[in-house]
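Order of the sequence lines fixes the chain letters, A, B, ..., with proteins taken first and strands second; residue numbering starts at 1 for each chain.
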Amino acid sequence: MFTLRLASLALGCAFALASAHAEVTIGVSLGLTGPGASLGIPYKNTLQLVPATLGGEPVRYIVLDDESKPDNAAKNARKFVSDDKVDAMMGSTGVPSALAMAQVAAETKTPLISLTPLPPLPPERAPWSYVIPQPTELMMSAAAQDMKKRGVKTVGFIGYSDSWGDLVYNAITALAPTYGYKVVTNERFGRADTSVAGQVLKIIAAAPDAVVVGGSGAPGATPQIALVERGFKGPIYHNHGTVNLAFIQTAKKAAEGAIAPTGPLIVAEDLPADYATKAVSLDFVKRYEAAFGAGSRNAFSGYTYDGVLLLDAGVREAAKKARPGTPEFRSALRDALENVKNLIGSHGVYTMTPSNHNGEDERARVLVHVVNGEWKLAK
Amino acid sequence: MNADIALWLTQDGITSGAIYALLALALLLVFAVTRVIFVPQGEFLAYAALSLGWLQQGKVPGTVWLVLAAALLVALLEAREALRRKEARRLPRIALLYVGAPLALVAATTWAAPRSLGFAAQAALVVAIVVPLGPLVYRIVYRPIAHASVLVLFIISMAVHYALVGIGLLLFGAEGLRTNAIADTKFDWGVLSVSAQSLWVIGASVACMLGLWLFFERSLAGKALRAAAINRVGSLLVGIPIEFSGRLAFALAAGIGAVSGVLISPITTIYYDTGLMFGLKGFVGAILGGMGSYPLAALGALLLGLLESFSSFWASSYKETIVFTVIIPVLLWRSLVSRHPVAEDEEE
């Protein structure tokens with residue numbers, strides 16, 4: 001009897017050892033070429049900075065280029081599952097590509113860490129996808145709070161005539177009742193437009209207390225410049241897509257005072273010492289800039305980093321239940337991800353629930369403004 | 001809409017309309033002389049604006065290397081042709097024009113780039129860089145197929161456009177640039193405050209148009225171009241070489257593109273691919289003017305600028321749709337009233 005027990009114990013140990021040494025495989029599909037490349041490359045850079053283990057298990061990342069095309073992203077995802085037997089996937093650059101991967105993830109029961117925001121998924125697909133970036137509404141609520149503080153009652157909107165403009169517009173109109181303001185204009189412009197004089201005149205004629213711009217990067221500067229030129233005196237709010245150097249370089253002096261929400265890692269140094277993500281954000285930003293040059297920090301690389309942290313927490317739990325490379329492990333990993341609580345990332349603090357697969361709260365965004373040609377934390 | 005807003009919109013419309021008018025003239029000029037619908041006209045504008053931006057940042061713009069590479073290619077083509085015709089005496093001239101001159105340009109640019117010279121010097125340098133691209137493109141791409149049909153020339157133009165946009169991305173990267181203004185001052189006239197920059201744009205455009213008019217009316221080369229435009233066979237018979245008129249037309253087009261790029265770059269953000277939109281609007285302007293008369297083309301482009309400005313006020317989401325839709329009634333009307341110039345073209 002005793003020997004039998006010993007034998008089963010030994011066998012158990014052997015299994016535990018074997019599972020401890022099994023390699024976790026993560027498939028990463030990114031748009032490293034094509035129109036999404038300027039985002040895809042920072043997404044990928046981060047993988048050079050992450051440890052060689054996930055939750056204590058050795059890990060192998062397989063990175064494939066999907067050329068920023070959704071059909072290629074889907075193809076890569078299928079290849080990950082069938083050929084590489086991955087335990088989880090990450091990707092991709094752009095909403096359509098990530099959506100294509102989410103479909104494969106649900107079909108093959110493989111957890112997906114989406115690196116771009118996803119629209120609400122149908123119930124059969126939702127359980128397998130986790131989303132790292134902050135929802136637009138969460139981001140814009142930082143601007144809305146600030147507007148309430150300043151007593152803003154009317155808001156003029158000008159944004160891209162595409163889905164990005166729609167997303168920002170929908171976010172600020174959805175937040176309007178809560179924060180007690182009215183959106184009085186919905187002006188649109190194209191990314192390549194040379195002049196927004198007409199739209200800006202209409203906004204100025206409506207005389208709102210503040211303006212929200214649904215643009216991004218350098219093209220987001222066009223309305224900023226026009227508003228300043230026409231002597232608009234109220235605060236001008238942008239969104240997280242605008243927080244980069246190109247915006248300041250384009251708008252030059254007119255950029256001064258522009259306000260925008262962003263992830264805390266962008267201003268890691270300026271965060272108060274007790275800020276929840278300060279240590280993680282600062283550590284990541286320092287290592288990223290050491291590897292890729294001063295001023296190279298960006299939101300996208302942080303999303304990959306937080307995705308890896310999330311997987312790290314999930315794998316740690318799942319490895320107790322099953323061996324990597326098996327359907328049981330994938331299912332255990334999915335369950336473990338859903339139970340991640342208070343995980344501190346570079347962008348925010350993640351607490352997942354079955355109904356919330358993003359799990360970020362107000363700590364995932366800060367308000368920044370342009371002071372002397374630099375994005376600084378607004379205090 | 002009140003009078004103030006209408007005045008503002010008019011001012012904005014005239015400023016962009018002036019640029020469209022310049023491009024419309026260039027398109028019309030190239031089309032009349034060489035029958036090429038020069039789609040890449042806007043690329044000269046983008047190249048000039050981005051080159052100016054790089055010079056202002058103290059960097060050597062990649063366009064000089066493009067000029068050098070294209071010139072060396074032309075030098076090879078010309079040398080081969082000269083040797084085939086046993087005209088070795090032409091070689092020194094070829095070397096001077098297509099090797100010496102571009103090298104001098106490269107030297108001048110690398111010397112000037114870090115020195116942050118004034119706006120005028122930098123603008124002049126940019127024009128000197130961009131203008132040679134016109135004749136070089138003509139020599140490499142269009143001269144060998146100068147007798148092809150309008151349609152073939154148009155398709156080739158599309159290809160040249162894609163090539164130049166790709167090269168633009170390679171040379172300047174994907175980010176847009178906005179250069180420093182010639183002058184920051186503003187003049188307040190009642191409710192209207194006019195920026196010195198838009199006065200510059202309008203003034204320089206008018207000066208360019210006057211210059212072109214004088215050139216065509218008074219100079220021999222200009223008269224030769226007009227002759228080539230009116231009747232190609234006839235002008236050949238009286239000794240105006242196709243090559244001469246083509247090269248001159250493209251140089252003028254590149255020059256106009258360069259000037260408009262320099263003028264527009266402080267008031268709008270230019271990307272490597274912004275050129276097409278400007279070129280297209282110049283083209284629509286030329287069509288509004290009937291694709292035959294210079295003053296009408298300039299007027300058409302000006303109207304387009306105003307239409308764009310007012311539609312961005314009333315219906316900003318549909319601005320481009322409105323701007324490009326006006327071409328339909330004009331084309332309908334023209335196809336009803338005009339005799340068909342294409343048939344005339346095919347008789348040749």
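In this structure, chain A has a heavy atom under 4.5 Å from the backbone of B/T179, while its side chain stays farther away. Looking at A/I225, the atoms closer than 4.5 Å to chain B (heavy atoms on both sides) all sit in the side chain, from C-beta outward. Neither the backbone nor the side chain of B/I270 has a heavy atom closer than 4.5 Å to any heavy atom of chain A. Heavy atoms closer than 4.5 Å to chain A are found in the backbone of B/S309, but not in its side chain. For B/Y318, no part lies near chain A; criterion is any non-hydrogen pair under 4.5 Å.
A/R188 and A/D166 are joined by a salt bridge, as a carboxylate oxygen and a charged side-chain nitrogen come within less than 4.0 angstrom of each other.
A ring-centre distance under 6.0 Å is found for A/F157 and A/Y169.
Of the listed residues A/Q249, A/R230, A/E229, the one with more heavy-atom pairs under 4.5 angstrom with chain B than any other is A/R230. Annotation: maximal heavy-atom pairing with chain B below 4.5 Å, among A/A205, A/P219, A/G165, occurs at A/P219. The candidate with the highest count of non-hydrogen atom pairs below 4.5 Å against chain B, out of A/S161, A/A218, A/G231, A/G190, is A/A218. Taking A/N186, A/D193, A/I158, A/T222 one by one and counting their heavy-atom pairs under 4.5 Å with chain B, the maximum is reached by A/D193.
Contact detail for B/A48 and B/V262: the closest heavy-atom pair is CB-N, 4.5 Å.
Annotation for A/K44: atom NZ does not count as buried by contact number, only 12 or fewer foreign heavy atoms lying within 6.0 Å.
With sequence neighbours excluded, the residues satisfying side-chain hydrogen bond (donor to acceptor under 3.5 Å, both in side chains) with B/E308 are B/Y20, B/K281.
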**Message:** Pair A/Y303, A/Q134 - check side-chain hydrogen bond (donor to acceptor under 3.5 Å, both in side chains), show working.
**Reply:** CA-CA 10 Å; A/Y303 293 140; A/Q134 302 88 340; 2.9 Å; yes

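Side-chain atoms of B/T63 and B/S51 include a donor-acceptor pair closer than 3.5 Å.
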